[in-house]
Amino acid sequence: MLPELPEVETVCRGMILAMEGDIISSVDIRRPNLRWPFPVKMKERISGAKVNSLTRRAKYILINLSSDETLILHLGMSGRILIDEKKKSILDKGDNVFGKHDHVTFYMKSGTTVTFNDPRRFGAIDLIETEHCDKHWLLSKLGPEPLGNSMNANYLFDALRHKTTSIKVALLDQKVVSGLGNIYVCEILFRVGISPRRIVKNLSMRTVSRIVEEIRNVLNEAILAGGSTLRDHRQTNGDLGYFQHNFSVYNREGDRCRKEKCSGFVIRLVQSGRSSFYCSKCQK
DNA sequence: CCATTAACCTGACAGC
DNA sequence: TGCTGTCAGGTTAATG
């Protein structure tokens, strides 16, 4: 399970089933930090609180607690949420069921365990007064949600009109649009039929409209695919989510272009240290 | 302002 | 088998 927006959305839906309305009876914290140190007295501040609601902002998971604080989770590059009802009973017998990278476990009153697993530890956990959540340093500079109403052709055209960066880099910039990652930006540009190298200030309103349209299409399709694998919350495990079999260009360097009647091949180029995959024949 | 690079980490995989 | 090098879905900080 690797976290771009559709995957985070799917994880959120699983976590809602596992946590919303329930009480966090206890928390195990098995290391002092992920990307940054965990919030001070995290265990004490969370334990006993009820999960009032659970939402997503860009790639952040926001858990609103009855204590008027909100737990902010980010999965980084390799974070997963493992939800398991069986662990509790095994644990009661004294066996350790937790793996090397199971860093934090929330024990729900219902008996469900929710574990944050993250091998690379680029993930993050923070806790802030719900009232000030929008002003949190990780959230305050985020651009609009790509699936929200404020993300439209007029907004994006304005956001891009003075920039000299490439469209690939601009769409990955979380201040322009929040929540897009490397895979889906490659897929979006393939569908629009433009090169990842195109300089954004030269794009026509027509092209920007197409980009907005395909952002919506690609993300919605991926969320739908993820949702269909989410039969019940126990499915929020390592196999949930990623939809690689459907990629048109991502990770297909050297392979034939999948656009109808196109005889091109997928090539890879590096932009700002990230791989871009595209067809040089049908993406101009 | 913009663009690129390094950094944070571990694991998977290719090639020798 | 094991070593080495490369690469990875994200984001920030530093540098040019």
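A note on names: the letters A, B, ... follow the listed sequences, proteins ahead of strands, and every chain is numbered from 1.
- The existence of a salt bridge linking A:Lys86 and A:Asp84 is excluded, since no basic side-chain nitrogen approaches an acidic carboxylate oxygen closer than 4.0 Å.
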query = In B/S/- notation, 5' to 3', how is nucleotides 8-14 of chain B contacted by protein heavy atoms closer than 4.0 Å?
reply = BBBS---

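- Distances from the side chain of A:Asn182 to the nucleotides C:dG10, C:dC7, B:dT5 place C:dG10 closest.
- In DNA chain C, runs of at least 3 consecutive Watson-Crick or G-U pairs, each pair with both distances below 3.5 Å, span B:2-8 with C:10-16, B:10-16 with C:2-8.
- Looking at heavy-atom distances under 4.0 Å, A:Ser272 makes contact with a base.
- Regarding contacts with the backbone of C:dG10, every side-chain N or O of A:His74 stays at 4.0 angstrom or more from both OP1 and OP2.
- For C:dT11, the OP1/OP2 oxygens have a side-chain nitrogen or oxygen of A:Gln174 closer than 4.0 Å.
- Taking the P atom of each, C:dT6 and B:dT5 are spaced 16 Å apart, rounded to whole Å.
- A sub-4.0 Å separation between OP1 or OP2 of C:dT11 and a side-chain N or O of A:Lys59 is present.
- Just one residue in the list A:Asn33, A:Ile29, A:Leu34 forms a side-chain contact (heavy atoms from CB on, under 4.5 Å) with A:His103, and that residue is A:Leu34.
- Look at the P atom in both C:dT12 and B:dG11: the space between them is 25 Å, to the nearest Å.
- Side-chain contact, A:Ser166 with A:Arg197: no donor N or O sits under 3.5 Å from an acceptor N or O.
- Atom CD of A:Glu44 has more than 12 heavy atoms from other residues, nucleotides or ligands within 6.0 Å.
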